[in-house]
Structures are given as C-alpha cells and as structure tokens.
Amino acid sequence: MTTSLSIPIVPIAQSKLKGLSLENLPFGKYFTDHMLEADYVNGKWTSIAIRPYASLSLAPSMAAIHYGQAIFEGIKAYKDQQSKPFIFRPHDNFVRFNLSAERMQMPTVPDEIFMEGMMQLVKLDQDWIPTISDHSLYIRPFMFSTDELLGVRPSDSYKFMIILSPTGPYYSAPMRIWVEEKYVRAVSGGVGYAKAAGNYGGAMYATAQAKLRGYDQVLWTDPYEHKYVQECGTMNVFFIIGNKAITPGLEEGTILGGVTRMSAMTLLEEMGLTMEERKLGMDEILDAYKSGELREVFGTGTAATVSLIKELHYKDETLQFDLDKWEVAPALKEKLSAIREGKTADTHGWMIPVI
Ligand SMILES: *Cc1c(COP(=O)(O)O)cnc(C)c1O
C-alpha cells in the first residue's frame, strides 16, 4: 500500500459525537462527522478530499439515477481490547469493488484513493468506532455515474465516496426462508457476482412477496430449473450435511463472493469440517434432510455475520430445524466475532490496523 498521498481534510467545526451514545444504534442510520469524495473526470481521478458529511447536489439528468451504473461495498472496523482501531479484510473488498466496477463498465478506483482514503477517514473518525461487543463501524464505499445526459452509454464521469456508520448489534432472529421458484436474482453471464445497486432493487419484489407469505427471506435458485441454490437474500448460504460444509461455487458468476463467506470457509475447515464449494441442488438438500444428515443451514454477510435459518419452504415441503442442537453456526459466529473484536489472536492476518 502506498502511503505517500495525503488527502486534504476539511474538518467539521464541531463533532456530532458529543452527547450521542454509540450503543444499540440501528444499522445504517447514523453517520460520522466526515466523508470521502473523489471525482473521475476526463479519465482521471481528481478533487479527492475528506470533508464534513453532507448532502450532495445532483442534476436530475444524472446518469446513475436513470441507467444504474452504481456499485458499493460493505466493510467493518472494530477496536481491539486496547482500543486500537482495525478494519476486517479491507483489501478483499477493494479487489471486489474493482471487479464490480469492471463489470458495470466503470473506472477502477486506485489503492491510494480506496484503501488510503478509507484508512485516513476511519482514522479521523475513529472515536465513532464503538468499543461495545457486537458493535462496529460500518464502512460504505460506493461509486456512481455522474454524466448529466440522458443518452444511454457508459458515463464519462463518476463519483467515488466513502461514508461511515456506527452500528450494532445487528440482531437477526432465526429466519424462515422461502425457496424461490419463480423470480431470479442472477443468471450466468449476468451481474450477480457484482455488488451492483440494481441487484438489490431487482430482488425487492420477490422478497416482499415472500414476506407476504410470512417468510423472512428468499433462497434464490438457478434460473433454468429452480433447483440449484444460489444465495439467501443478500447473504451467502451454507449447508452442514454430515461432516461437510457446502456452499455454492462462484464459477457461474451468479454468486457474490462474500468476504464473510471466504472467512467462514477457512474457519469451518479449521473446525474440522470438510469444505465443499460446488453446485448444490434442492433434491440433495431434501434427501439429506429426510435422512437426518442435514444439520444446519445459515447465511453469512458483513452486516449480520452469521444468520441462522430455522425453516425452509420448498414446494410442498417444510424443512424445520431444532436450533438448540446446533453447534457449527454458533461456534463460527463466536470465532469470527472474537477475531474481529481482538479477543483472540488473529492468525490469518485479517485485521488491518488503522494507522
Ligand atoms: C454483500 C453481499 C454478500 C455478502 O458479502 P460479504 O462480503 O460477506 O459482506 C452476499 N451476497 C450478496 C448478494 C451481497 O451483496
């Protein structure tokens, strides 16, 4: 990482932190004092600055609003037991961000802006990182097209920003899941592997339909047979069958390669499970359930870390689980949060100090 670039900082006159408790804040509702902003104009990144968090003024003709070149990331910062700030695997998000950028025909963002900018911003607002267990500072880098033109083509100009939001804990009650057989999230050749804003908008109708039926989320399946599982809502999904941990593979480009997913795969192997990344069909899941081999099902993602699934509804079948007997998902959640909160040694080099 280059540390040469110093990003100009316009500090806030008076911090908003005074008098605000960082305990039990809802996800994504409060923002810190500062934000980072950079503009891509004429093939170059310019006007890089950290300034007080404030609204933007945008043209109604701004391209992103109309044609959806918009991508984002989600990362978390923590304080260890000595109150030193750390960020969890930010480089993996940086790499993924630029993969999304490429897929959406947007410019990539260099290390000096994404990584350095994030470090400087988090350092400046480090008092906003909660020290309470299960709390963190959520980091949201994002980029969108800014041409003021209604013509359909890739924009020439873009804005990259990072905003920070203290949050936690993210209670996610065990979920009842509707296995989706009508709507699809992603298809091979599509944009499923990119963290593109439109993927979220496109998922909302099916999710709302599942909620009307009394379910919390959908389990997305492949677009052809509605048989192979993809993801659970906006989380990657894991099935514990016997001594195996199985998660859908990334080869078809229909799955967002989660950083939590990657971390979970490493930790599950260390816990003695055999990790398999591959196609997994509902027929296999149903068979494993009926034979008593399907032990646990859970989702992984930065916001909630590990979310337990207590019920799956598929065709006429209801698969129910007795969460009291579960061992893998609770242990995984515990291990991940112990690493992130600095309660256990970080043997993987996942926690990057903010200096
Ligand atoms: C962000 C995201 C995930 C989880 O990725 P993490 O890096 O673990 O937060 C999973 N699925 C989708 C669709 C996502 O957008």
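Start at 1 and go down the list; that is how both ligands and their atoms are numbered. Along the sequence shown, residues carry numbers from 1.
Aromatic rings from F160 and F72 are positioned such that their centres are separated by 6.0 Å or more. Between Y30 and Y138, the ring centre distance reaches or exceeds 6.0 Å.
Note that the NZ atom of K18 and the CG atom of D127 stand 9.5 Å from one another [nearest 0.5 Å].
Partner of F238 under the side-chain contact (heavy atoms from CB on, under 4.5 Å) criterion, chosen from L332, I246, T300: T300.
With hydrogens and angles ignored, the 3.5 Å screen pairs no side-chain donor or acceptor of T254 with any backbone N or O of A186. One N or O on the side chain of D346 and one on the backbone of G349 form a donor-acceptor pair closer than 3.5 Å.
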Can you produce the list of protein nitrogen or oxygen atoms under 3.5 Å from a nitrogen or oxygen of ligand 1, alongside each distance?
{"residue": "ligand 1", "atom": "7 (O)", "partner": "R96", "partner atom": "NH1", "Å": "2.8"}
{"residue": "ligand 1", "atom": "7 (O)", "partner": "R96", "partner atom": "NH2", "Å": "3.1"}
{"residue": "ligand 1", "atom": "7 (O)", "partner": "V259", "partner atom": "N", "Å": "2.7"}
{"residue": "ligand 1", "atom": "8 (O)", "partner": "V259", "partner atom": "N", "Å": "3.3"}
{"residue": "ligand 1", "atom": "8 (O)", "partner": "T260", "partner atom": "N", "Å": "2.9"}
{"residue": "ligand 1", "atom": "8 (O)", "partner": "T260", "partner atom": "OG1", "Å": "2.6"}
{"residue": "ligand 1", "atom": "9 (O)", "partner": "T302", "partner atom": "N", "Å": "2.9"}
{"residue": "ligand 1", "atom": "9 (O)", "partner": "T302", "partner atom": "OG1", "Å": "2.6"}
{"residue": "ligand 1", "atom": "11 (N)", "partner": "E231", "partner atom": "OE1", "Å": "2.4"}
{"residue": "ligand 1", "atom": "11 (N)", "partner": "T234", "partner atom": "O", "Å": "3.2"}
{"residue": "ligand 1", "atom": "15 (O)", "partner": "K195", "partner atom": "NZ", "Å": "2.7"}
{"residue": "ligand 1", "atom": "15 (O)", "partner": "Y200", "partner atom": "OH", "Å": "2.3"}

